[in-house]
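Throughout, residue positions are numbered sequentially from 1 according to the sequence presented. Just so you know, ligand 1 is whichever comes first in the structure, and atom 1 is the first atom listed for that ligand.
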Amino acid sequence: MQAHSISYRIQNGSSRAVSVDATPSELQRLKVDGYLVRQRLVRGRLLDDLRAACDELERERLPFARIHDPSFGGLFIRNVIDLHPAFHQLLDFNPLLSVARALLGPQVQIHGNVLRVTYPDQRHQATEWHFHQRVVPEPRPAFFSRPCVLDNLIYLDDIDEGSGPLVVVPGTHDVDLELPAHDFSDKPNQVVVTCPAGSVVTVHASLWHRACAPKPGAPKRRLLIWGYSPTWMKQVDKPSAGAGRGITDELLHGISEETRELLGITGFM
Ligand SMILES: O=C(O)CCC(=O)C(=O)O
Ligand SMILES: [Fe+2]
């Protein structure tokens, strides 16, 4: 892969160089289509560790979870970064972080980070059409700022017709149209995405997408959503500072300014 670098200057007098682990044409595709598939981006020990951590959390939570929501089926465990240290390995995983910094700016934080597991022999294991940031008003005020969040869908298992593909509508991250709830129908121009385990689909969080249900007999399907937003945006699922934020609090001593930004501690006024 051909890496390139971006040299940012920030108004606070600092500067920051980003070595981008993606080609300019990949960034362009993400910008125009609203999504980018990178196959087998997570491999080896990291993939094994993430799977093991997800399985541990699943074992703890599944007995108490509600997994049959007709709109968003499956097990959802939110804010995993505060639940298991294995996820801290993603804090400096440059193939994701550098793309976020190339498209959102140098100062980014971890946004939503969620485990989703779906079960082939259970009912209601699909998601309806949706997008993640539903806050754009009409009419659009002059100073309104569209929320730009990048969500990485890190597939820990093969995504295929059996396990339930992801379906997206390219370009919808830019339209700001309403999308009614409870819609599972095919859409014009939709693209069905399949990919091997370890692949990452990076989506602009306003992109229309849905996940198909796994077919009976398919293996369990694990997805880790790892989002980035600008540091000045409010994080999701995160108790406020000082309120016992979970195990990332233990990282706060002796870490770099950039990691403090990633954890939502700094990088805003
Ligand atoms: O499972 C998938 O492929 C996507 C799930 C999703 O879109 C979500 O949980 O928001
Ligand atoms: Fe989603």
Keeping [X] on the side-chain end and [Y] on the backbone end, is there a donor-acceptor pair under 3.5 Å?
{"X": "R210", "Y": "W129", "result": "no"}
{"X": "R38", "Y": "E26", "result": "no"}
{"X": "H173", "Y": "K31", "result": "yes"}
{"X": "N113", "Y": "I81", "result": "yes"}
{"X": "S163", "Y": "D158", "result": "yes"}

For the Fe ion (ligand 2), which protein N/O/S atoms are closer than 2.8 Å?
H130 NE2, H132 NE2, H209 NE2
Test salt bridge (Lys or Arg N to Asp or Glu O under 4.0 Å) applied to R221 and D157, step by step
CA-CA 6 Å; R221 174 191 191 276; D157 297 292; over 6 Å; no
So H209 and Y35, ring-ring contact (aromatic ring centres under 6.0 Å, His included) or not? Walk me through it.
CA-CA 10 Å; H209 63 282; Y35 77 103; over 10 Å; no
Check each N or O atom of ligand 1 against all protein N or O atoms and list the pairs under 3.5 Å, with atom names and distances to 0.1 Å, one per line.
{"residue": "ligand 1", "atom": "1 (O)", "partner": "R116", "partner atom": "NH1", "Å": "2.6"}
{"residue": "ligand 1", "atom": "1 (O)", "partner": "R221", "partner atom": "NH1", "Å": "2.7"}
{"residue": "ligand 1", "atom": "3 (O)", "partner": "Y155", "partner atom": "OH", "Å": "2.6"}
{"residue": "ligand 1", "atom": "3 (O)", "partner": "R221", "partner atom": "NH1", "Å": "3.4"}
{"residue": "ligand 1", "atom": "3 (O)", "partner": "R221", "partner atom": "NH2", "Å": "2.8"}
{"residue": "ligand 1", "atom": "7 (O)", "partner": "H130", "partner atom": "NE2", "Å": "3.1"}
{"residue": "ligand 1", "atom": "7 (O)", "partner": "H209", "partner atom": "NE2", "Å": "2.9"}
{"residue": "ligand 1", "atom": "10 (O)", "partner": "H130", "partner atom": "NE2", "Å": "3.1"}
{"residue": "ligand 1", "atom": "10 (O)", "partner": "H132", "partner atom": "NE2", "Å": "3.0"}

How long is the gap from CG on L263 to CD on E258, to the nearest 0.5 Å?
12.0 Å
Should E261 and R16 count as an ion pair when the cut-off is N to O under 4.0 Å?
yes
